[in-house]
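Encoded as structure tokens, the structure appears first; notes follow it.
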2 protein chains.
Amino acid sequence: MREKPLTKRQEEILIFISDHIASVGFPPTRSELSKHFGFRSPNAAESHLRALQQKGVIRIEAGRSRGLTLTALSRPSLPPSNTARTPLPLVGRVAAGSPILAQENIEHEYRVDPSLFSFRPHYLLRVEGNSMRDAGILDGDLLAVHRTPEAQNGQVVVARLDDEVTVKRFKRKGHLVSLLPENPDFQPIKVDLRHQELVIEGLGVGIVRPQLDN
Amino acid sequence: MREKPLTKRQEEILIFISDHIASVGFPPTRSELSKHFGFRSPNAAESHLRALQQKGVIRIEAGRSRGLTLTALSRPSLPPSNTARTPLPLVGRVAAGSPILAQENIEHEYRVDPSLFSFRPHYLLRVEGNSMRDAGILDGDLLAVHRTPEAQNGQVVVARLDDEVTVKRFKRKGHLVSLLPENPDFQPIKVDLRHQELVIEGLGVGIVRPQLDN
DNA sequence: GTTTATACTGTAAATATATACAGTATTGGG
DNA sequence: CCCAATACTGTATATATTTACAGTATAAAC
């Protein structure tokens, strides 16, 4: 029961620290924090750390380099996949009408270090077909997906259209969305948001190819 | 399996480091090591660390405070407390003249469920260049490599030629080996085994793409 | 409408830390 | 016996890191 909740930025900082410990093996310095977040002053990081300490989610050991530790309080605010301990579900074929992460869609769970990916993945989705071939995403690849309803132009998205789940490159102009394949053999899908419902299930943040077919 | 076993003292040092990480939350400094063991010189600790690194049980990140991490090799000599799966080393640029898995080439280690791949990987190799683009292997991808000197025609191999490490498709006819790119912009490499030495470092068994560039 | 907290830039300095160099002593192996 | 590896002392220094001080700007809180 924390008195004050973390701000969005503070949460980002906390998650970075947690990831750094999990993947690199020790906590980051102020300067490393600054570099990652683009701060031009190490004091920006320092202030954030003070705030996080004030709110009880981290401890700072004075005078010790990298003297940051997470407290018990920090756990709840961290996303569930923050450590390598929580497995990534592999979603195979998505049954019509069911949420992507519904039990029936989950084939298996794999333990994958989330820090492997530049963006935190929430699940793996088996890609079907070769519509994204020229982006290096092949049939059978596992797409690491970050769950979010927001997408920017040019990003690879997992979208749901008429209960079909598809992986395409996202492009939006006003209320017109194009789902672009990366393969000349396929046609772009055009959606008018006024007449058709389009749900962005998440962003593609990486690929795992379980085998190289020879 | 280690060539040279740790000395008793080295084992003590290793266990202290491991305990420190587990209980304090980050690795110790040379001075903290010295204080604990009663060394009057930080160089005593430094030497021990070098020895441990030499024997492959820890990694030292140059210039970073507390930049110590345990490697997969350290596990057998540690008490069974924190048993995690053995991590996959990520090999970045391979320095000329050094074995692929030499300490200096290992950028990081990731815990990745080996069952994710159809064939058991031994390490990840960062792919440079786009010579395998049409096989869906892009610049920056991490190739999961199974260490073996045997290759069959058509397999994706990690080969070493003139101290250069390269990823290509393997084709052999008698004493003539072709290393085939999968990109028309690149030329096949032909090697006559009677005149040139070619070492097969391993087989590509999968891909991890840490980010989708948009 | 003046605080208060957040979110930073910019500079500077104390000090923590890594690490080189020069030694000493001991041990076990060839 | 001599060499190489181990296990340290002692000193020094470059640099990594923490951390203080002085600001600016913005949004929410009172």
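Bear in mind that the values here come from a model prediction, so they are computed numbers and not experimental data. Naming: A, B, ... by sequence-line order, numbering from 1 per chain.
For B:His146 and B:Phe117, the distance between ring centers is not under 6.0 angstrom.
Annotation: of the two residues near DNA chain C, B:Gly67 and A:Ile13, the 5′-most nearest-nucleotide partner is A:Ile13.
Contact annotation: B:Ser65 reaches the phosphate of D:dT17 (side-chain N/O to OP1 or OP2, under 4.0 Å). Remark: A:Gln10 is not in phosphate contact with C:dA5, judged by side-chain N or O atoms under 4.0 Å from OP1 or OP2. Between B:His48 and the phosphate of D:dT6, there is no side-chain N or O to OP1/OP2 separation shorter than 4.0 Å. Taking side-chain N and O atoms only, B:Arg50 has a distance below 4.0 Å to OP1 or OP2 of C:dA20.
Counting only heavy atoms from C-beta on, B:Arg40 has its side chain closest to D:dG10 among D:dA7, C:dC8, D:dG10. Closest to the B:Arg66 side chain, of the nucleotides C:dA18, D:dC8, C:dT17, is C:dT17. In the set D:dT11, C:dA12, D:dT17, the nucleotide with an atom closest to the side chain of B:Ser41 is D:dT11. Closest to the side chain of A:Asn43, out of D:dT18, C:dT17, D:dC21, is D:dC21.
Backbone-only engagement by B:Ala62 is indicated by non-hydrogen atom pairs under 4.0 Å involving sugar-phosphate atoms exclusively.
Taking the six-membered ring where tryptophan is involved, the planes of A:Phe16 and A:Phe37 are perpendicular, since the angle between them exceeds 60° and thus also 30°.
Residues from residues 24-36 of chain B placing a heavy atom under 4.0 Å of any atom in DNA chain C, listed by number, are B:Thr29, B:Arg30.
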